[in-house]
Peer 1: 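Below you will find the structure I want to go over with you.
Just so you know, these numbers come straight off a predicted model, no measurement behind them.
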There are 2 protein chains.
Amino acid sequence: MRLSKKERQAKLQQALSNDPFLTDEEMAKKCGVSIQTIRLDRMELGIPELRERVKRMAEENFDQVRSLSPEEVIGEVIELQFDQSGISILDIREEHVFARNRIARGHYLFAQANSLAVAIINAEVVLTRSAHIRFVRPVKMGERCIATAKVIDTDRARFQIQVKTRVNQEIVFQGMFHVYRLEEEGRT
Amino acid sequence: MRLSKKERQAKLQQALSNDPFLTDEEMAKKCGVSIQTIRLDRMELGIPELRERVKRMAEENFDQVRSLSPEEVIGEVIELQFDQSGISILDIREEHVFARNRIARGHYLFAQANSLAVAIINAEVVLTRSAHIRFVRPVKMGERCIATAKVIDTDRARFQIQVKTRVNQEIVFQGMFHVYRLEEEGRT
DNA sequence: CATGTTCTAATATCAAGTACTAACTCAGTA
DNA sequence: TACTGAGTTAGTACTTGATATTAGAACATG
């Protein structure tokens with residue numbers, strides 16, 4: 001005997017969750033019922049049609065890509081004095097925190113600081129040599145991290161840069177970065 | 001006078017790149033030409049129809065979500081002995097490198113090491129206190145970074161973890177991480 | 001002038017639906 | 001027994017956003 005209505009609907013939801021690209025026709029075949037039955041089931045379960053499902057998935061994806069992708073630099077650099085100092089802002093959002101406790105993952109704070117340290121130096125290629133960092137207090141979702149960096153020592157190719165990150169004046173992260181630039185032969 | 005064919009096609013691609021959900025009809029309106037013209041343009045440019053575009057985006061997303069999404073951790077942890085040691089692999093890809101020279105951004109190496117250091121500790125909430133790190137040599141696109149971490153000191157709530165990252169046996173990054181766990185009141 | 005490029009128009013068709021109406025199958029029951 | 005109702009199937013008309021194809025303008029250019 002074939003499945004009861006409830007069983008079929010459960011099966012449907014299951015099937016859709018691991019392949020949301022099923023048409024009504026395919027689902028009908030799978031369940032051994034008519035297309036109309038599947039449509040009624042979808043109505044009852046509030047499942048939109050294939051195209052709508054697909055569109056929603058694509059939209060979610062698109063939004064994410066938009067908000068996240070230009071991560072050439074983590075944080076937004078808002079002020080920059082080459083070889084001297086710079087300021088960058090990073091708003092801690094969903095994607096930066098541990099799901100469990102909404103505390104920012106350390107590597108985002110590091111990334112903001114590192115990006116800023118590298119951005120300050122006016123050269124084609126700048127690499128980090130080493131860093132000594134300290135996470136002074138946990139940062140929570142929604143907090144705005146303002147990192148300030150200043151070059152405190154240099155010998156032309158190597159730079160020592162101090163970065164302090166604050167949330168409302170309060171220091172949450174600080175680090176000392178040693179970065180260096182690769183001199184390229186044909187540079188102007 | 002309206003746009004030339006080339007200009008229109010350029011405009012089309014532009015428009016689609018910041019809103020891929022445009023129908024032919026909407027694009028026709030935007031460009032002040034007939035739908036048929038837009039279709040011809042799409043043919044020439046090899047742009048699939050709306051539904052196909054949307055479907056592809058959704059599929060990419062779906063695949064990514066399946067394969068990549070648990071990026072709770074950067075790099076793939078392949079071995080883990082709680083409170084003792086761990087190993088993680090990170091393949092350096094496009095998204096990890098500077099576009100200009102294909103050298104990996106420091107913060108990805110840091111993130112791999114930091115994620116691993118935090119993962120090792122068997123507790124609900126583990127945070128990084130400080131780190132002393134050194135980028136021994138630049139890592140290029142395509143290289144596989146294998147990070148090994150071991151706990152070298154602990155006093156129950158605080159841990160000192162050494163992480164070494166290698167590409168083909170050669171050390172490219174090393175760091176000493178101090179992490180700590182938050183004891184939660186009601187833990188078993 | 002003929003020719004070719006570019007554009008527009010019109011028609012038939014498709015996939016994957018919605019919306020609606022009608023009818024069939026049984027099982028329980030008044 | 002006849003009736004009722006849930007569950008299912010069938011069929012039609014319509015919608016969107018296309019494809020595929022054919023045909024005809026508008027206009028420049030050799």
Peer 1: So which residues get pulled into A:Ile152's cluster when ILVMFWY side chains under 4.5 Å apart are joined, directly or through others?
Peer 2: A:Met176

Peer 1: Atom NZ of B:Lys6 and atom P of C:dT5: how far apart are they, to the nearest Å?
Peer 2: 14 Å

Peer 1: Among residues 8-16 of chain A, which residues get a heavy atom nearer than 4.0 Å to DNA chain C?
Peer 2: none

Peer 1: At what angle, to 10 degrees, do the two end axes of the helix from C:dC1-D:dG30 to C:dA30-D:dT1 meet, given five pairs define each axis?
Peer 2: 30°

Peer 1: Could you check how far CD1 of B:Ile35 sits from P of C:dA10, rounded to whole Å?
Peer 2: 12 Å

Peer 1: Looking only at the side chain of B:Thr37 (C-beta and beyond, no hydrogens), which of the listed nucleotides C:dT8, D:dT9, C:dA16 gets closest?
Peer 2: C:dT8

Peer 1: Run the salt bridge (charged side-chain N to carboxylate O under 4.0 Å, His left out) test against A:Asp83 and tell me which residues pass, sequence neighbours left out.
Peer 2: none

Peer 1: Describe the nucleic acid contact of A:Arg53 in one word from base, sugar-phosphate, nothing, applying a heavy-atom distance below 4.0 Å.
Peer 2: nothing

Peer 1: Over how many whole Å does the gap from A:Glu25 atom CD to C:dA15 atom P extend?
Peer 2: 9 Å

Peer 1: To which residues is A:Ile171 joined in a hydrophobic cluster, defined by side-chain heavy-atom contacts under 4.5 Å among Ile, Leu, Val, Met, Phe, Trp and Tyr, whether direct or through other members?
Peer 2: A:Val136

Peer 1: What is the separation between atom CZ on B:Arg39 and atom P on C:dC14, rounded to the nearest whole Å?
Peer 2: 17 Å

Peer 1: With nearest nucleotides of DNA chain D determined for B:Gln36 and A:Arg51 from heavy-atom distances, which residue corresponds to the more 5′ nucleotide?
Peer 2: A:Arg51

Peer 1: With the side chain of A:Ser34 defined as its heavy atoms from C-beta on, choose the nearest nucleotide among D:dG7, D:dA18, D:dA10.
Peer 2: D:dA10

Peer 1: Show every donor-acceptor pair shorter than 3.5 Å between a side-chain atom in residues 45-53 of chain B and any protein atom, with sequence neighbours excluded, or say none if there are none.
Peer 2:
from: B:Glu52; atom 1: OE2; to: B:Arg56; atom 2: NE; distance (Å): 3.4
from: B:Arg53; atom 1: NE; to: B:Pro20; atom 2: O; distance (Å): 3.2
from: B:Arg53; atom 1: NH1; to: B:Pro48; atom 2: O; distance (Å): 2.9
from: B:Arg53; atom 1: NH2; to: B:Pro20; atom 2: O; distance (Å): 3.3
from: B:Arg53; atom 1: NH2; to: B:Leu22; atom 2: O; distance (Å): 2.6

Peer 1: Could you list who else is in B:Leu40's hydrophobic cluster, with ILVMFWY side chains joined at under 4.5 Å, directly or through other members?
Peer 2: none

Peer 1: Rounded to the nearest angstrom, tell me the gap between atom CD in B:Glu44 and atom P in C:dT6.
Peer 2: 7 Å

Peer 1: Return the orientation label for the A:Tyr108 and A:His96 ring planes: parallel under 30°, perpendicular over 60°, tilted otherwise.
Peer 2: perpendicular

Peer 1: What's the CD1-P distance between B:Ile38 and C:dT8, to the nearest Å?
Peer 2: 9 Å

Peer 1: From D:dT19, D:dT8, C:dT8, pick the nucleotide closest to the side chain of B:Val33?
Peer 2: C:dT8

Peer 1: Restricting to pairs with a member in residues 112-144 of chain B, which pass ring pair (Phe, Tyr, Trp, His ring centres under 6.0 Å), not counting sequence neighbours?
Peer 2: A:His132-B:His132, B:Phe135-B:Phe173

Peer 1: State which residues pass salt bridge (charged side-chain N to carboxylate O under 4.0 Å, His left out) with B:Arg137; sequence neighbours excluded, sorted by chain then number.
Peer 2: B:Glu143, B:Glu170

Peer 1: To the nearest angstrom, how far is B:Ile47 atom CD1 from D:dA18 atom C1'?
Peer 2: 15 Å

Peer 1: Protein-nucleotides 21-26 of chain C N/O pairs closer than 3.5 Å?
Peer 2:
none

Peer 1: Separation of B:Leu40 atom CG from D:dA20 atom C1', in whole Å?
Peer 2: 12 Å

Peer 1: Is it the case that the side chain of A:Thr154 and the backbone of A:Arg156 share a donor-acceptor pair, with hydrogens and angles ignored and the cut-off at 3.5 Å?
Peer 2: yes

Peer 1: List for me each residue that meets salt bridge (charged side-chain N to carboxylate O under 4.0 Å, His left out) alongside A:Asp24, sequence neighbours excluded, and say none if there are none.
Peer 2: A:Arg39, A:Arg42

Peer 1: Mind checking salt bridge (charged side-chain N to carboxylate O under 4.0 Å, His left out) for A:Arg129 and listing every partner two or more places apart, or none if nothing turns up?
Peer 2: none

Peer 1: Backbone N or O of A:Ile146 within a donor-acceptor pair of the A:Lys164 side chain at under 3.5 Å?
Peer 2: no

